[in-house]
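The chains referred to below are lettered A, B, ... by the order of the sequence lines, with proteins before strands, and numbering in each begins at 1. Any value given below was found using the heavy atoms of this structure, including those in side chains, with hydrogens, waters and symmetry copies removed.
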Amino acid sequence: MDKRYDHKAHEAKIYSFWEKGGYFKPKTSKKDPFIIIMPPPNANDDLHIGHARFIAIEDILTRYHRMKGEPTLWLPGADHAGIETQYVFEKKLQEKGKSRFDYDRETLYKMIWDYVQENKEKMEGQLRALGSSCDWTRNKFTLDPDIVKIVYKTFKKLHDDGLVYRGERLINYCTHCGTGFSELEVDRVEKTTPLYYIKYPKADGSGHVTVATTRPEPIFVDTHLAVNPKDKKKKDLIGTKVLNPLTDVEMEIIGDSYVDPEFGTGVVKITPAHDFNDFEVAQKHDLPIVKAINSDGEITEAGGKYSGMRTKKAREAVVVDLEKKGLIEKIDKNYKHVAALCYRCKTPIEPMPSEQWFVKVKPLVEKVRGAVKTGKTKFPAKRFEKMFLHWLDILYDWNISRQIVWGMRIPAWQCEDCHEWTITDGDPPSKCKCGHKELVQDQDTFDTWFSSGQWPYAPLQTTKDGDFERFYPTSVMNTGFDILPRWVLRMMMLGIYTTGEVPFREVLIHGLVRDKEGQKISKSKGNVINPLDMSEKYGADALRMGIIWGALVENDISLSEDNIRGQRNFSNKVWNITRYVLDKTEGKKLEFFGPEMPKHTTGKDLFKDDVYSRFAESTKKIGEITKKLDGYKLNEAGEIVYQYIWHDFADSTIEWSKKFVDEDSEKGEYTRGLLVDLLARSLKILHPFMPFVTEALWQITRKEIGDQTGNSGLLKEKALITAEWPKG
RNA sequence: GGACGAGUAGCUCAGUUGGUUAGAGCAUUCGCUUGACGUGCGAAAGGUCGGGGGUUCAAGUCCCUUCUCGUCCACCA
């Protein structure tokens with residue numbers, strides 16, 4: 001054996017030994033299965049350090065349960081990631097001076113498809129490099145035809161059950177991405193914007209009413225103002241008329257309780273087409289909804305002289321015109337308000353009236369709430385349960401249409417004659433209910449979360465016969481808190497709706513990976529830690545241990561290269577422990593107390609007492625580690641393993657052993673036996689954390705001294721990955 | 001405006017139901033080199049557990065209050 005552990009010489013070989021040997025596949029056993037569906041990484045980029053963390057977490061759990069003899073499945077996959085991928089791809093096009101409008105739908109789709117396939121393969125290689133023990137024979141992609149079929153079926157079922165409707169609603173529209181979003185895909189950022197106080201002349205010429213607004217540009221389509229009927233000072237205005245400051249058209253003042261008398265001037269202009277509150281008010285009062293802004297972010301034809309201008313320019317022009325007319329009372333330039341931005345590209349979101357497919361969430365949400373309250377799905381970290389339940393309270397109907405090409409095209413066809421929609425589970429209908437045969441498919445695709453919301457069951461229904469029955473509901477869903485509403489919530493809604501059971505029994509939330517100063521990692525800060533570079537430099541084992549070390553799973557973690565280097569040193573320590581044990585035992589006679597705990601001789605034989613207590617210490621530590629793993633305290637489990645192997649086994653027992661280990665006496669034989677026993681146990685308990693070095697050492701140890709261990713049962717398994725987890 | 005989390009050694013973090021001298025890793029200081037490993041070994045130093053008050057025989061741990069960070073939510077034009 002080399003003096004040092006060289007991870008490059010072993011990792012790839014060990015991985016292919018596992019994969020070719022079929023060790024990642026769930027075995028049959030009477031025990032309850034353990035299954036994690038991997039949150040499918042987006043197939044549009046390399047894995048980043050955040051992926052490395054969830055890979056470490058899920059692989060530790062998977063390997064631990066596999067060693068406990070449970071039928072264990074970690075199911076890998078990749079996400080087409082609709083808007084995300086289209087955004088990344090469009091950036092690439094931009095670099096080449098092109099845009100999505102230069103290609104027809106089919107060509108663009110094909111180009112993104114090829115791009116994604118290439119990335120997907122690369123990403124899968126990276127998952128392997130980090131030691132992921134997922135079952136590649138069950139690998140799935142969200143756009144696999146059988147998955148798409150399932151998603152379509154769900155859509156049709158929802159529609160047949162009256163839970164999907166098409167309606168004109170205000171949606172969150174990003175003029176840059178060219179698509180609408182659900183409210184969960186909108187970022188809110190505090191911004192300082194001018195607040196304009198605009199005078200509306202009263203129609204009877206008796207003065208004016210002042211309105212405060214941050215958005216003067218759509219004033220020309222406004223037809224109403226509103227005040228609070230409970231506002232003593234303002235309520236007399238209800239029913240009176242003012243003139244539109246830009247068009248001089250008469251506008252009526254209405255009363256609605258949503259107006260806050262304390263804010264601004266207590267008078268609000270109503271722009272139903274571009275503001276969610278105003279839209280609601282307009283529906284209540286049956287006001288006209290006139291679009292002032294189109295999907296490119298330009299003023300519509302209704303805007304007269306402003307039409308064609310982008311909103312920002314139009315605003316400037318409107319303000320200039322109002323100033324000329326002397327209708328601006330004042331401008332508060334330090335007004336802070338919360339702006340809605342596209343979560344993808346940070347362009348301001350325009351509320352826009354549009355026809356889209358919506359899912360009624362109320363009935364689905366109630367079942368989700370029930371499942372959480374009754375503990376069918378648990379959150380080991382309680383605070384996330386609270387957060388989750390809060391989300392349930394504030395959910396709106398879910399807009400699932402996206403105006404992008406990349407994704408699953410919605411299986412809905414509109415009749416050119418009667419304009420009725422026909423929904424199928426994928427195949428185009430031959431004719432409309434009215435008998436007409438000319439039907440046109442909806443141009444839109446599904447929200448990615450609509451398909452990934454079905455990920456806990458869709459792959460299982462397509463992999464192997466019986467998988468779904470065997471493995472659903474899944475054991476643990478591990479994901480970041482940031483997609484708790486976007487993803488976990490959708491999976492719960494759709495999972496319960498489609499299968500009648502919760503999609504997972506526990507939701508294990510993990511925190512962010514931060515740099516060593518605790519700062520968020522971002523390209524712009526230049527503090528990116530590339531997991532593959534780290535793995536290349538210090539070994540995948542060191543990276544994995546480093547990335548779970550020092551913080552509970554649910555908390556943010558600060559990762560430093562020093563930390564990873566420390567773990568590399570640990571992997572080397574284990575290597576040298578094995579080297580020592582093999583050096584002292586190879587070809588020598590070994591004696592074991594046997595697989596059962598040796599009897600304590602209580603002072604009659606001091607040597608045997610020593611052996612006993614060293615063995616007992618390991619058993620005690622194994623018990624602690626097992627308990628920590630069962631409670632998802634991975635860092636604490638890892639730290640005990642580290643502490644035990646380095647300080648108890650190496651620093652204490654190995655140093656002690658040097659007194660007897662070379663003797664040909666009974667003491668020598670028992671000492672050597674103890675070393676082998678503790679080595680085997682150490683490799684086992686470390687394996688989930690550092691799979692490569694431990695498996696490499698297991699193989700070497702078996703080869704060197706496997707036939708000396710007699711019927712002790714130590715080292716009996718051909719592969720450590722499926723060796724039996726020791727009893728604590 | 002609400003809700004939540006964090007504040008423990010120089011740094012990053014553990015400390016389950018309150019119970020001996022408060023722990024780990026990294027960093028620091030000192031000392032060890034033929035004999036598993038210098039990616040090593042041995043030792044040391046370092047904390048009035050954010051501040052204040054309370055409950056208790058006993059509080060980092062429970063209660064109240066306060067300060068400082070951070071996160072999430074919210075339609076205030």
Side-chain angles (χ1 to χ4, degrees), chain A residues 1-6 170 183-184 188 193 195-198 211-216 225-226 228 258-271 274-281 335 337-338 340 351 381-391 393-394 396 481-482 484-485 511-512 514-518 520 538-539 542 545-546 549-552 554-584 627-628 631 633 635-640 642-643 646-647 650-651 654-655 657-658 661-662 675:
Chain A
M1 280 175 83
D2 293 333
K3 230 173 142 175
R4 289 180 188 167
Y5 169 55
D6 175 10
L170 278 203
E183 83 272 14
L184 302 181
R188 293 182 192 273
T193 37
L195 181 64
Y196 304 93
Y197 287 76
I198 296 164
V211 172
T213 181
T214 54
R215 295 208 66 179
L225 298 184
N228 194 318
Y258 116 88
V259 181
D260 178 356
E262 302 299 316
F263 185 86
T265 61
V267 187
V268 184
K269 71 184 182 73
I270 304 289
T271 311
H274 301 287
D275 183 283
F276 286 94
N277 297 311
D278 295 1
F279 185 79
E280 267 181 42
V281 172
Y335 177 67
H337 95 301
V338 179
K382 278 285 171 213
R383 65 178 198 258
F384 294 108
E385 180 175 315
K386 258 191 157 168
M387 215 174 177
F388 187 78
L389 288 172
H390 176 64
W391 275 106
D393 293 335
I394 57 174
Y396 293 89
F481 64 89
D482 51 330
L484 201 57
L512 252 45
R514 295 171 177 274
D515 71 6
K516 64 177 169 184
E517 270 93 35
K520 229 173 182 170
Y538 298 110
M545 193 66 146
W549 191 271
L552 293 168
E554 66 265 29
N555 289 342
D556 289 358
I557 192 166
S558 291
L559 182 65
S560 72
E561 194 167 337
D562 279 349
N563 193 339
I564 300 169
R565 180 158 29 78
Q567 297 304 334
R568 187 274 317 269
N569 295 354
F570 180 46
S571 65
N572 187 58
K573 184 74 185 177
V574 180
W575 179 266
N576 275 289
I577 287 170
T578 309
R579 202 152 79 93
Y580 170 83
V581 173
L582 294 184
D583 181 48
K584 296 297 182 190
K627 206 174 148 197
K628 295 290 187 192
K633 312 270 186 195
N635 58 316
E636 294 176 32
E639 284 166 38
I640 300 170
Y642 180 102
Q643 177 72 23
W646 201 318
H647 302 299
D651 293 347
I654 284 186
E655 290 309 314
S657 78
K658 287 177 182 172
V661 76
D662 293 322
L675 289 179

What's A/D278 touching, base or sugar-phosphate or nothing? Going by heavy atoms closer than 4.0 Å.
nothing
Whole-Å distance between B/rA3 C1' and A/K386 NZ?
8 Å
By nearest atom, which of the nucleotides B/rU16, B/rG15, B/rA36 is closest to the A/E655 side chain?
B/rA36
Is there a Watson-Crick or G-U wobble partner for B/rC72 with both distances under 3.5 Å, and if so, which one is it?
B/rG2
Quiz question: going by heavy-atom distance under 3.5 Å, is there a donor-acceptor pair between the base of B/rA24 and the side chain of A/E636?
no
Picking from B/rG15, B/rC37, B/rC73, the nucleotide nearest the side-chain atoms of A/R579 would be B/rC37
In this structure, how many angstroms lie between the P atom of B/rG2 and the CG atom of A/D393, rounded?
18 Å
N/O (side chain, A/S571) to phosphate O (OP1/OP2, B/rU39) under 4.0 Å
no
Base partner of B/rU34, which must satisfy Watson-Crick or wobble distances under 3.5 Å:
none
Atom CE of A/M545 and atom C1' of B/rU39 are separated, to the nearest Å, by 15 Å
Output, in order, the C-alpha distance, side-chain angles, deciding distance and verdict of side-chain contact (heavy atoms from CB on, under 4.5 Å) for A/F481 and A/E554.
CA-CA 9 Å; A/F481 64 89; A/E554 66 265 29; over 6 Å; no
Can you check the A/F570 CZ to B/rC37 P distance for me, whole Å?
18 Å
Looking at B/rG40, I'd like to know if its phosphate oxygens (OP1 or OP2) sit under 4.0 Å from a side-chain N or O belonging to A/N569.
yes
Given atom CG of A/N563 and atom P of B/rU12, what is their separation to the nearest angstrom?
13 Å
Base, sugar-phosphate alone, or nothing: which one does A/N572 contact when heavy atoms must sit under 4.0 Å apart?
base
Under a 3.5 Å cut-off for both contacts, is B/rA14 paired Watson-Crick or G-U wobble with anything, and if yes, with which nucleotide?
none
Ring pair (Phe, Tyr, Trp, His ring centres under 6.0 Å) filter on A/Y642, not counting sequence neighbours, yields A/W549, A/F570, A/W646
Nucleotide opposite B/rA22 in a Watson-Crick or G-U pair, distances under 3.5 Å:
none
Checking all strands, does A/A551 fall into the base, sugar-phosphate, or nothing category for heavy-atom contacts under 4.0 angstrom?
sugar-phosphate
Side chain of A/A650 only, please: which of B/rC41, B/rU39, B/rA36 is the nearest?
B/rA36
Contact class for A/D260 vs. all strands (heavy atom < 4.0 Å): base, sugar-phosphate, or nothing?
base
Just checking, any donor-acceptor pair under 3.5 angstrom between side chains of A/S571 and A/Y538?
no
Using the C1' atom as the point on both nucleotides, what is the distance between B/rA22 and B/rA14, in whole Å?
11 Å
Measure the distance from CZ on A/R215 to C1' on B/rC75 and round it to the nearest whole Å.
14 Å
Below the 4.0 Å mark, does B/rG5 have OP1 or OP2 next to a side-chain nitrogen or oxygen of A/R383?
no
Once you apply a heavy-atom cut-off of 4.0 Å, does A/V259 come out as touching a base, just sugar-phosphate, or nothing?
base
Given B/rC41, is OP1 or OP2 found less than 4.0 Å from the side-chain N or O atoms of A/W646?
yes
Give me the distance, rounded to whole Å, that separates B/rC73 from B/rC26 when you measure between the C1' atoms they each carry.
37 Å
Looking only at atom P, what distance separates B/rA9 and B/rU56, rounded to whole Å?
30 Å
Any donor-acceptor N/O pair, A/K269 side chain to A/R215 backbone, under 3.5 Å
yes
Answer with base, sugar-phosphate or nothing: what part of the nucleic acid does A/L582 contact at a heavy-atom distance below 4.0 Å?
nothing
Does OP1 or OP2 of B/rC26 have a side-chain N or O of A/Y642 closer than 4.0 Å?
yes
If I pick the C1' atom on B/rA74 and the same atom on B/rA3, what distance separates them, to the nearest angstrom?
11 Å
Classify the nucleic acid contact of A/R4 as base, sugar-phosphate or nothing, counting any heavy atom under 4.0 Å across all strands shown.
base
With the side chain defined as heavy atoms from C-beta on, A/L552 is closest, among B/rA36, B/rA14, B/rC72, to B/rA14
Checking N1-N3 plus N6-O4 or O6-N4 for Watson-Crick, or N1-O2 and O6-N3 for wobble, each under 3.5 Å, the partner of B/rC62 is B/rG54
Between B/rG40 and B/rU33, how far is it from one C1' atom to the other, in whole Å?
10 Å
Picking from B/rA36, B/rG25, B/rA74, the nucleotide nearest the side-chain atoms of A/Q643 would be B/rG25
If the cut-off is 4.0 Å, is A/K573 near the phosphate of B/rC41, judged by side-chain N/O to OP1 or OP2?
yes
Round to the nearest Å and state the distance from A/M387 atom CE to B/rG2 atom P.
18 Å
How would you label the contact of A/N555 with the nucleic acid (heavy atoms, under 4.0 Å): base, sugar-phosphate, or nothing?
sugar-phosphate
Please say whether more than 12 non-hydrogen atoms of neighbouring residues, nucleotides or ligands are located less than 6.0 Å from OH in A/Y258.
yes
Quick one: are A/L559 and A/I564 in side-chain contact, heavy atoms under 4.5 Å?
yes
At 4.0 Å (heavy atoms only), tell me whether A/K628 reaches a base, stays on the sugar-phosphate, or touches nothing.
nothing
So what does A/E280 hit on the nucleic acid, given a heavy-atom distance under 4.0 Å: a base, only sugar-phosphate, or nothing?
nothing
Closer than 3.5 angstrom, by distance alone: can the side chain of A/T271 be matched with the main-chain N or O of A/H274 as a donor-acceptor pair?
no
If we ignore hydrogens and angles and just use 3.5 Å, is the side chain of A/E639 paired with the main-chain N or O of A/G550 as donor and acceptor?
yes
With both distances under 3.5 angstrom, what nucleotide forms a Watson-Crick or G-U wobble pair with B/rG46?
none
Hey, does the side chain of A/N576 come within less than 4.0 Å of B/rG38's phosphate (OP1/OP2), counting only N and O?
no
Between B/rC4 and B/rU12, how far apart are the C1' atoms? Round to whole Å, please.
23 Å
Could you work out the separation of B/rG15 and B/rU34 based on their C1' atoms and round it to a whole Å?
44 Å
Closest to the 5' end of RNA chain B, once A/D556 and A/V268 are matched to their nearest nucleotides, is A/D556
Under 4.0 angstrom, heavy atoms only, what part of the nucleic acid is A/W575 near: base, sugar-phosphate, or nothing?
nothing
Would you confirm whether A/N576, through its side chain, and A/K3, through its main-chain N or O, come within 3.5 Å as a donor-acceptor pair?
yes
Does B/rA74 have OP1 or OP2 sitting under 4.0 Å from an N or O in the side chain of A/Y396?
no
Taking OP1 and OP2 of B/rC75, is either one under 4.0 Å from a side-chain nitrogen or oxygen of A/H274?
no
Separation of A/K520 atom NZ from B/rU12 atom P, in whole Å?
18 Å
Taking atom P in both B/rG1 and B/rA45, compute the distance separating them and give it to the nearest angstrom.
49 Å
For RNA chain B, whose closest nucleotide is more 5', that of A/I394 or that of A/H337?
A/I394
Hey, does the side chain of A/N228 reach the backbone of A/D260 with a donor-acceptor pair shorter than 3.5 angstrom?
no
